Amino acid sequence: MSSVSTAKEAATALDEAIKPKSRPANGAADDQQLVARALQQMTQEAPEAETTDGFHLVIDALKLNDIDTIFALPGIPITDLTRMAQAEGMRVISFRHEQHAGNAAAAAGFLTQKPGICLTVSAPGFLNGLTALANATTNCFPMILISGSSEREIVDLQQGDYEEMDQLAIAKPLCKAAFRVLHAEDIGVGIARAIRSAVSGRPGGVYLDLPAKLFAQTMDAIKGKNSLIKVIDPAPRQIPAADAVQRALDLLKGAKRPLILLGKGAAYAQADADIRALVEKTGIPYLPMSMAKGLLPDTHAQSAAAARSYVLQEADVVLLVGARLNWLLSHGKGKTWGQDKGAKQFIQIDIAPTEIDSNVAIAAPVIGDIGSCVAALLAGIDAKWAKPPTEWTGAIAERKDKNLSKMAATLAARPSPMNFQSALSVIRDQVKARPDAIVVNEGANTLDFARSIVDMYEPRKRLDVGTWGIMGIGMGFAVAAAVVTGKPVIAIEGDSAFGFSGMEVETICRYNLPICVIVFNNNGVYRGTDVNPSGTPDVAPTVFVKNARYDKLMEAFGGVGVHATTADELQAALTEAVATGRPTLINAVIDETAGTESGRITSLNPATAKKK
């Protein structure tokens, strides 16, 4: 007999028991027994409604929106959430420090156009993740930082709860949006709002605060499922105005020395075919910012990267695609832009109208998503479009050839010990042989030299320090790249930069990721030759332990460690690492006198005005 029919019979019996009727003297007692038996039967046989809880609603909401990976560091109150997420089929990559989990989430967002998820504990763990969240927002990477937090009623009265902190208030100024969920039935809405905020318009970081009490809340399973939201069209196309497109085309047509400048926003847009078509159909030389390298191969005939200084100074009309005129481009003015050569006119494609005129006047703003804007420009370019004057393209080609020939001679040298150029020439050859490999790059001189030496051939294959130029992104970005793409990763690290996230080599080994870390070891920050002028035993602030063996760190966790002192040793180790996919760290010994103070941004390092 089914539990449903049994419950109906019990209800019928109860109904009969309480009907008014004539009965003998002892009938009241019999009725009471009948009622008791009926109630007991209903309690025992009636099926209990299935329930769900906050833990599972968070997981189900993420999965409903095709998010299958979490970058995390377990601890109170989110330890069980990581266990349950893994049990439910999500991939949970657990780090040794929250900042690197956050960096991984940000890089995953850039590579996939879906918000990367970073999960942290409360207070200090949240603060560790906040650095990555702020960096993601600055770089326009979609990311959601989800942190457990203390109970609101105690936090609001400042009564001293475990890891008490008003995390929402702290996060708000540093991210694109911030939300808190207090009730299980609102989890679906909270995650939906976080996803849409992260990827719509100009992408960025979002904070989602989940107090510990939320996870244990229960509700009816069907109602819980119905409360979840599948986000539809989270980043809708924003079509540019026809007159704005025509204005831009007219300006390009009249240019004598046009230039297209591609930023990492162009790479994020994944409008690769149209961007390439725009460049090739117009015949306009282009200059890629570092994370836009590979949208077209760096060896493309129209690339002006090898004549960067010349084209920035001489161009009369510049089309910015997914690039901002920030400090990386000298704010669009000054000597870099040839201020003594006459005013320039800028065309800027951007999804945020507030970005226009932020540093210099923009003659032709084109507001919309990059894919739609580029497609609209492309539609206005027909077979009659006049290519740029040969005086302009020929002058660029002449300077390119001269600079590339000079670089080739430098790269061919094999000094002992290695310098930045000889070591990077090995990596350059490996990337050419494996253009699908992803390059992660950070440091000062290591970053500067690698950006100009290592050619990229495919889009979104280069990840680096981005808009802020910060150190510490290396291992987090490398892990994310390996996890979300499955491709080999080559992480080119200055020894100083590596120190920020070096412990994550254990994470690389634990998940057996195809990452080869190359530490350019020149014994210090910038170089290892500084001397303590005071005469005390302390070394100079920029000097590290001499002849450190970073390769032993990788070996300690079961990976492959290689100590390379020559270009040939580096080449052999790198080739094997990429071919086998085994976690590898190559300690590449670089001349400690190589490198310059602060790399190419020495001008930003203020000098003392004090005279003795």
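All figures in this text were calculated on a predicted structure; none of them were measured in a lab.
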Exercise. Hey, are Asp68 and Arg91 close enough for a salt bridge, meaning a charged N less than 4.0 Å from a carboxylate O?
Worked result: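 Judged by the 4.0 Å cut-off on N to carboxylate O distance, Asp68 and Arg91 do not form a salt bridge.
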Problem set entry | SB check Lys402 Glu398 (cutoff 4.0 Å) |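 A salt bridge is absent here (no side-chain N lies under 4.0 Å from a carboxylate O).
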For this session: Output, in order, the C-alpha distance, side-chain angles, deciding distance and verdict of salt bridge (Lys or Arg N to Asp or Glu O under 4.0 Å) for Lys546 and Glu592.
Result: CA-CA 9 Å; Lys546 299 286 186 177; Glu592 71 172 359; 2.7 Å; yes
For this session: For side chain to side chain donor-acceptor pair (under 3.5 Å), just list the numbers for Ser147 and Gln167, CA-CA rounded to whole Å, side-chain angles, deciding distance to a tenth of an Å, and then say yes or no.
Result: CA-CA 9 Å; Ser147 294; Gln167 295 169 197; 4.6 Å; no
Exercise: identify the closest heavy-atom pair between [X] and [Y]:
X: Ile515; Y: Ala478; result: CD1-O, 3.5 Å
X: Ile260; Y: Leu262; result: CG2-CD2, 3.8 Å
X: Ala567; Y: Val426; result: O-CG2, 3.7 Å
X: Phe449; Y: Leu424; result: CB-CD1, 3.4 Å
X: Asp350; Y: Ala352; result: OD1-N, 2.8 Å
X: Asp495; Y: Asn522; result: OD2-N, 3.2 Å

Problem set entry | Stepwise side chain to side chain contact (heavy atoms under 4.5 Å, CB included) check, Leu411 with Ile453 | CA-CA 9 Å; Leu411 297 180; Ile453 290 173; 3.9 Å; yes
For this session: Show your reasoning for whether side chain to side chain donor-acceptor pair (under 3.5 Å) applies to Glu355 and Ser358.
Result: CA-CA 6 Å; Glu355 181 62 28; Ser358 58; 3.2 Å; yes
Exercise. Would you find more than 12 non-hydrogen atoms of other residues, nucleotides or ligands less than 6.0 Å from Glu576 atom CD?
Worked result: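 No, not enclosed.
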Working to the nearest 0.5 angstrom, can you tell me the gap between [X] [atom1] and [Y] [atom2]?
X: Arg324; Y: His331; atom1: CZ; atom2: NE2; result: 12.0 Å
X: Gln348; Y: Leu325; atom1: CD; atom2: CG; result: 6.0 Å
X: Lys293; Y: Lys264; atom1: NZ; atom2: NZ; result: 15.5 Å
X: Ile78; Y: Ile146; atom1: CD1; atom2: CD1; result: 10.0 Å
X: Ile590; Y: Asn523; atom1: CD1; atom2: CG; result: 10.5 Å
X: Glu504; Y: Ile93; atom1: CD; atom2: CD1; result: 11.5 Å

Exercise. Which residues satisfy the ring-ring contact (aromatic ring centres under 6.0 Å, His included) test with Phe95, sequence neighbours excluded?
Worked result: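 Partners of Phe95 by the ring-ring contact (aromatic ring centres under 6.0 Å, His included) criterion come out as none, since no residue qualifies.
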Say whether, by atom type as modelled, one donor and one acceptor occur between the side chain of [X] and the main chain of [Y] under 3.5 angstrom.
X: His563; Y: Lys552; answer: no
X: Tyr511; Y: Ser94; answer: yes
X: Lys432; Y: Asp455; answer: no
X: Glu597; Y: Tyr526; answer: no
X: Arg399; Y: Ala395; answer: yes
X: Trp337; Y: Leu329; answer: yes
X: Lys400; Y: Ser303; answer: yes
X: Ser330; Y: Gly332; answer: no
X: Arg460; Y: Ala267; answer: yes
X: Asn587; Y: Ala564; answer: no

Got [X] and [Y] here, is their nearest side-chain heavy-atom distance under 4.5 Å?
X: Ile427; Y: Leu574; result: yes
X: Leu261; Y: Leu319; result: no
X: Leu295; Y: Met456; result: no
X: Val439; Y: Leu463; result: no
X: Asp551; Y: Thr584; result: no
X: Thr120; Y: Asn128; result: no
X: Leu553; Y: Phe498; result: yes
X: Ile438; Y: Ile490; result: no

Problem set entry | Verdict with reasoning, Leu174 to Leu130, per side chain to side chain contact (heavy atoms under 4.5 Å, CB included) | CA-CA 8 Å; Leu174 299 173; Leu130 197 57; 3.6 Å; yes
For this session: Please assess Lys461 against Asp436 for the test salt bridge (Lys or Arg N to Asp or Glu O under 4.0 Å), listing each intermediate value before the final yes or no.
Result: CA-CA 7 Å; Lys461 292 295 189 288; Asp436 62 326; over 6 Å; no
Would you say the side chains of [X] and [Y] form a donor-acceptor pair under 3.5 Å?
X: Asn445; Y: Thr596; answer: yes
X: Asp591; Y: Thr593; answer: yes
X: Asn441; Y: Arg462; answer: yes
X: Thr467; Y: Thr138; answer: no
X: Arg414; Y: Ser425; answer: yes
X: Ser534; Y: Asn532; answer: yes
X: Glu442; Y: Thr446; answer: no
X: Gln313; Y: Thr336; answer: no
X: Lys333; Y: Asn359; answer: no

Problem set entry | From CA spacing to verdict: side chain to side chain donor-acceptor pair (under 3.5 Å), Thr575, Gln571 | CA-CA 6 Å; Thr575 301; Gln571 181 180 15; 5.2 Å; no
Exercise. Ring centroid separation for Tyr207 and Phe126, is it under 6.0 angstrom?
Worked result: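 Yes: the rings meet the under 6.0 Å criterion.
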For this session: Please work out which of the three classes, parallel, tilted or perpendicular, describes the rings of Phe141 and Phe110, given edges at 30° and 60°.
Result: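 If you compare the ring of Phe110 with that of Phe141, the planes turn out tilted.
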For this session: Give the C-alpha distance, both sets of side-chain angles, the deciding distance and a yes or no for side chain to side chain contact (heavy atoms under 4.5 Å, CB included) between Leu447 and Asp464.
Result: CA-CA 8 Å; Leu447 175 73; Asp464 65 29; 3.9 Å; yes
For this session: Determine, step by step, whether Ile349 and Val374 satisfy the side chain to side chain contact (heavy atoms under 4.5 Å, CB included) criterion, reporting the C-alpha distance in whole Å, the side-chain angles of both residues, the deciding distance to 0.1 Å, and the verdict.
Result: CA-CA 8 Å; Ile349 295 175; Val374 171; 4.2 Å; yes
